[in-house]
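Report on the following structure.
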Amino acid sequence: MESKSKNFIYEIIDEDLKANKWGESTICTRFPPEPNGYLHIGHAKSICLNYGIARDYNGKFNLRFDDTNPEKEEQEYVDSIIEDVKWLGADFEDRILYGSDYFEQMYKWAVDLIKKGKAYVDDLNADEIRSSRGTLTEAGKESPFRNRSVEENLDLFERMRKGEFPNGSKTLRAKINMSSPNINLRDPIMYRIVHDEHHRQENKWCIYPTYDWAHGLEDAIEGITHSICTLEFENHRPLYDWFLDELGIHHAQQIEFARLNLTYTVMSKRKLLQLVKENYVDGWDDPRMPTVSGFRRRGYTPESIRNFAEIIGVAKRDALTDIALLEFAIRDDLNKHAQRVMAVLHPLKVVITNYSGEEELDGVNNPEDPSMGIRKIPFTNEIYIEQTDFMEEPPKGYHRLIPGGEVRLRYAYIIKCEEVIKNDKGEVTELRCTYDPDTRSGTGTSKKKVKGTIHWVSAKHTFEAEVRLYDRLFTVESPDSDKEKNFLDFMNPNSLEIIPNALIEPFAKNSKKGNRFQFERHGYFCVDTKFTSSEKLVFNRTVTLKDSWGKK
RNA sequence: UGCCCCGUAGUGUAAUUGGCAACACGUCUGACUCUGGAUCAGAAGACUUCAGGUUCGACCCCUGACGGGGCAGCCA
């Protein structure tokens with residue numbers, strides 16, 4: 001271990017190791033998603049944490065589906081989760097495991113508990129159980145079925161499995177303590193009857209273990225040493241301990257940490273599902289979604305997400321992480337690796353009146369990495385520049401093109417604005433400029449210094465592409481923490497701006513889905529994997545460049 | 001109201017286990033620059049929620065208050 005400052009989980013593991021708590025066995029962690037939705041950036045944090053521990057301690061990392069509820073789970077989610085975990089680079093080797101594969105063993109252990117008199121079949125229905133559970137301040141009441149004989153319980157439980165009873169008519173409950181101050185210990189439910197097809201077990205089972213019963217057993221079966229989960233399971237730990245101790249089986253150490261919250265988005269699967277189902281976005285992988293697949297489609301790299309996880313660290317206090325930390329991580333990565341190219345999003349025509357002919361200029365592919373080389377950029381007397389790079393009446397400090405002023409065309413010449421042409425409505429439609437032949441980039445002959453450099457494309461050589469500019473999905477930092485309003489009330493109506501015909505430098509013409517670029521002075525973009533066709537490239541803006549001029 | 005957890009610059013985390021609070025992001029300067037990016041140099045910003053106590057010494061240990069979060073699914 002060589003990380004400079006360890007988080008509290010590493011410290012616990014170090015202590016365990018020092019105390020030889022696990023004997024000869026290696027450290028084993030796991031990521032246990034329920035396949036009822038796509039993974040989000042919060043899951044990515046957990047994956048990085050769990051996989052990181054296994055890697056740092058030369059241990060093992062399992063991917064295990066917690067698939068104990070057939071009503072919510074689907075194969076589509078299983079597939080997406082596997083893809084996302086792989087993409088993030090968390091190596092589970094060949095261990096794609098399923099809690100449902102352990103159902104038989106779990107059943108046997110349940111029988112063991114019944115035999116010990118520690119579990120019973122209850123005939124109370126859901127309402128009755130709820131009302132007899134008590135409240136936060138009052139103890140619960142024991143079920144009238146709590147003291148059935150072992151024989152009767154065994155018989156009933158077996159018949160539950162055989163499918164003799166309808167949904168909800170019976171449950172298997174642990175016999176613990178109905179007046180425990182910890183509500184989780186008030187005879188929690190271990191099995192419920194659900195006649196429903198399971199995405200993996202199909203119709204093999206009609207009783208399903210609850211998470212509380214199943215989770216610790218899954219960890220035990222896999223020999224997990226450190227069972228890392230989020231804070232809300234802290235109160236459940238005594239229950240898991242109880243089960244494991246009663247059964248006398250392998251006992252993972254559970255450690256809880258605070259889940260990730262990010263500004264300007266929501267992070268609950270339920271809410272994300274709603275955004276998808278009600279078509280606020282175009283799917284789980286919409287580039288505005290905080291899902292792993294959304295970030296992937298938007299152009300984020302796995303490295304940047306891993307680095308983000310490293311930056312934010314791990315702790316037990318709940319926090320709201322500024323999205324700026326994530327944006328830093330992706331800019332930092334893309335700055336070093338993305339191919340540069342020029343693109344004009346909102347074109348303004350410029351005619352260079354004293355230039356004729358055509359030439360090719362050298363553009364640096366990545367100033368941070370000379371090994372990426374240079375490319376040729378065609379130049380002619382008719383080009384397009386960005387509308388915002390020209391102003392008739394500039395504010396102070398503006399150093400782009402103004403009437404009578406000069407500006408450097410990136411990798412080309414310095415031009416001077418001689419004439420402004422407008423339409424009937426008074427809008428600027430074209431600029432007439434002259435260029436200074438002595439100022440060609442790279443010749444070193446220019447004595448001129450000019451304050452601004454702007455990007456451009458040759459009218460004759462450029463190609464059109466669709467560009468999608470994304471903004472935050474919500475207008476407030478914490479859309480789901482308002483007491484009165486629903487998170488949907490805070491959706492940003494301008495979270496997506498589509499530019500159907502942006503003009504791109506020819507170099508990017510043959511790019512493939514997923515290719516990443518920096519559009520100089522704009523930001524980082526990638527070729528969309530969903531809407532790009534053989535006819536038209538669609539670029540997603542991953543993130544803008546930092547902008548110390550046009551600050552909002 | 002019962003139980004459990006938490007409380008360090010704007011944000012996220014540190015503080016070698018009790019030795020005069022550090023790092024990253026963000027913000028603001030300045031330098032450099034053919035990207036108002038990057039890079040480089042620097043600055044501002046925290047009486048560590050509060051009050052007691054233990055100690056030569058407390059962010060750290062103890063007590064109490066205050067504040068935040070979680071728990072009353074046959075969800076996970």
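Every chain is numbered from 1, with letters handed out A, B, ... down the list of sequences. This is a predicted model, so every value here is computed, not measured.
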Watson-Crick or G-U wobble partner for B:G18, using a 3.5 Å limit on both distances?
-> none

OP1 or OP2 of B:G36 sitting under 4.0 Å from any side-chain N/O of A:R521?
-> yes

Is the closest basic N to carboxylate O distance between A:E505 and A:R410 below 4.0 Å?
-> no

Can you tell me how far P in B:G57 sits from the matching atom in B:G52, rounded to whole Å?
-> 15 Å

Considering just the side-chain nitrogens and oxygens of A:S180, establish if one lies under 4.0 Å of OP1 or OP2 belonging to B:C3.
-> no

May I ask you to evaluate whether A:T210 reaches the phosphate of B:G73, defined as a side-chain N or O under 4.0 Å from OP1 or OP2?
-> no

Base B:G73 paired with A:R130 side chain (donor-acceptor, <3.5 Å) | no

Stepwise side chain to side chain donor-acceptor pair (under 3.5 Å) test for A:T265 and A:R472 | CA-CA 7 Å; A:T265 192; A:R472 41 190 59 142; over 6 Å; no

B:U49 to B:C6 separation - P atoms, rounded to the nearest Å | 14 Å

If you look at every strand shown and take non-hydrogen atoms under 4.0 Å, does A:F328 touch a base, only sugar-phosphate, or nothing?
-> sugar-phosphate

Given that both distances must come in under 3.5 Å, which nucleotide forms a Watson-Crick or G-U wobble pair with B:U63?
-> B:A51

Determine the Euclidean distance between corresponding C1' atoms of B:C20 and B:C60; express it in Å to zero decimal places.
-> 14 Å

Is the shortest side-chain N/O distance from A:R192 to OP1 or OP2 of B:A76 below 4.0 Å?
-> yes

For B:G10 versus B:C50, give the span between their P atoms, rounded off to a whole number of Å.
-> 13 Å

Respond yes when some side-chain nitrogen or oxygen of A:R270 is under 4.0 Å from OP1 or OP2 of B:A76, and no when none is.
-> no

Quote, to the nearest angstrom, the C1' distance that separates B:A46 from B:A41.
-> 25 Å

Across every strand shown, the nucleotide meeting Watson-Crick or G-U wobble geometry with B:C32 (both distances under 3.5 Å) is none

Report yes if a donor N or O on one partner sits less than 3.5 Å from an acceptor N or O on the other, where the partners are the side chain of A:E368 and the base of B:U39; otherwise report no.
-> no

Evaluate whether the aromatic ring of A:Y211 and the six-membered ring of the B:A76 base sit under 5.5 Å apart, centre to centre, with an inclination under 30°.
-> no

Name the pairing partner of B:G37, where a pair is Watson-Crick or G-U wobble with both distances under 3.5 Å, or state none.
-> none

Once each nucleotide of nucleotides 66-71 of chain B is scored for protein heavy atoms under 4.0 Å, what B/S/- sequence comes out, 5' to 3'?
-> ---SBB

Would A:R200 and A:D101 pass as an ion pair if we require N to O under 4.0 Å?
-> yes

